[in-house]
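Working notes, beginning with the structure itself.
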Protein chains: 2
Amino acid sequence: MIDGVLKILSGKWSLPVLAELVHGKKRFNQLKRSLGNVNAKALSDTLKHLESHGIIQRQVVFTVPVTVEYSLTEKGQSFRAVFHEMGRWGEQWNQE
Amino acid sequence: MIDGVLKILSGKWSLPVLAELVHGKKRFNQLKRSLGNVNAKALSDTLKHLESHGIIQRQVVFTVPVTVEYSLTEKGQSFRAVFHEMGRWGEQWNQE
DNA sequence: CAGTATCCATAATGATACTG
DNA sequence: CAGTATCATTATGGATACTG
């Protein structure tokens with residue numbers, strides 16, 4: 001039952017990307033910088049994966065040059081509860 | 001802050017292994033079968049990783065042949081809350 | 001900026017065989 | 001049973017170049 005959830009979260013960068021986006025919308029290169037060591041392809045693949053599951057949405061802003069903003073969908077927003085529990089757990093058991 | 005948590009959960013099999021162990025203690029090959037497509041090395045590495053973070057514990061039972069039981073530590077038990085939220089999320093948004 | 005494409009080095013995975 | 005060792009395959013990472 002939880003298998004479906006784990007499948008969505010599978011992939012090295014899914015959770016880290018979501019963790020970034022719970023803070024609000026971010027652009028491609030902004031995410032890339034925050035995550036530190038993803039390469040463009042890995043990030044691109046991860047974003048498509050999450051988008052295909054309806055967890056994040058991609059919005060093109062027609063500036064010059066264009067910018068693309070990624071943000072959580074309603075479905076993605078509801079995932080905050082999971083992160084919240086992770087945070088609580090981290091506070092309780094870890095130092096950092 | 002949540003980074004430490006994600007680090008612990010990193011690795012393809014960490015979450016699936018934990019998902020198995022929340023149901024109770026399991027033996028090595030039992031986990032291997034449940035997870036379907038892990039190979040011994042990957043599972044072994046994952047178990048060591050989780051054990052090193054104090055999330056699961058390894059107990060050797062001196063039968064013939066020996067069996068080794070893996071179970072959640074107190075720290076691991078407290079992670080159930082996270083899985084619980086994942087489950088809720090899955091129920092709300094996914095079919096399976 | 002936001003990607004895609006490519007080449008290359010390195011890490012992770014899987015299958016199989018083997019040991020205490 | 002619970003692993004370790006080994007080898008082949010695959011995935012991932014990093015650098016660089018290129019496009020709309």
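Every chain is numbered from 1, with letters handed out A, B, ... down the list of sequences.
- A salt bridge between B:R58 and B:E51 is absent, with no side-chain N of the basic residue lying under 4.0 Å from a carboxylate O of the acidic one.
- If you measure from atom CG of B:L43 to atom P of C:dA12, you get 16 Å, rounded to the nearest angstrom.
- Other residues, nucleotides and ligands contribute over 12 non-hydrogen atoms within 6.0 Å of the NE2 atom of A:H53.
- Proximity of B:Y70 to the phosphate of D:dG3: a side-chain N or O atom is located under 4.0 Å from OP1 or OP2.
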For this session: Under 3.5 Å for both distances, Watson-Crick or G-U wobble, that's the pair rule; now give the dot-bracket for DNA chain D, with | marking pairs to another strand and [ ] for crossing ones.
Result: ||||||||||||||||||||
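- Under 4.0 angstrom from either OP1 or OP2 of C:dC1 there lies no side-chain N or O belonging to A:R27.
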Problem set entry | Sugar-phosphate or base contact per nucleotide [nucleotides 4-19 of chain D; S, B, -; heavy atom under 4.0 Å] | B--------BB-----
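- Per the geometry, CG belonging to A:L47 stands 11 Å off C1' belonging to C:dA2, to the nearest Å.
- Between A:R88 and A:E91, none of the side-chain N atoms (NZ, or NE/NH1/NH2) sits under 4.0 Å from a carboxylate O, so this pair counts as no salt bridge.
- For the atom pair A:K12 NZ and A:T46 OG1, the distance stands at 10.5 Å (nearest 0.5 Å).
- By the neighbour-count criterion of 12 heavy atoms within 6.0 Å, atom NE2 of A:H84 is sparsely surrounded, having that number or fewer from other residues, nucleotides or ligands.
- Listed in residue order, the members of residues 55-67 of chain A having a heavy atom less than 4.0 Å from DNA chain D come to none.
- Under the rule for a side-chain hydrogen bond (donor to acceptor under 3.5 Å, both in side chains), the partners of A:K41 that lie at least two apart in sequence or sit in another chain are A:D45.
- The separation between A:K25 atom NZ and C:dA2 atom C1' is 17 Å, rounded to whole Å.
- Qualifying side-chain hydrogen bond (donor to acceptor under 3.5 Å, both in side chains) partners for B:W13, counting only residues two or more places apart in sequence or in other chains: none.
- No side-chain donor-acceptor contact under 3.5 Å links A:W89 to the backbone of B:R80.
- For A:F28, there are no ring pair (Phe, Tyr, Trp, His ring centres under 6.0 Å) partners, not counting sequence neighbours.
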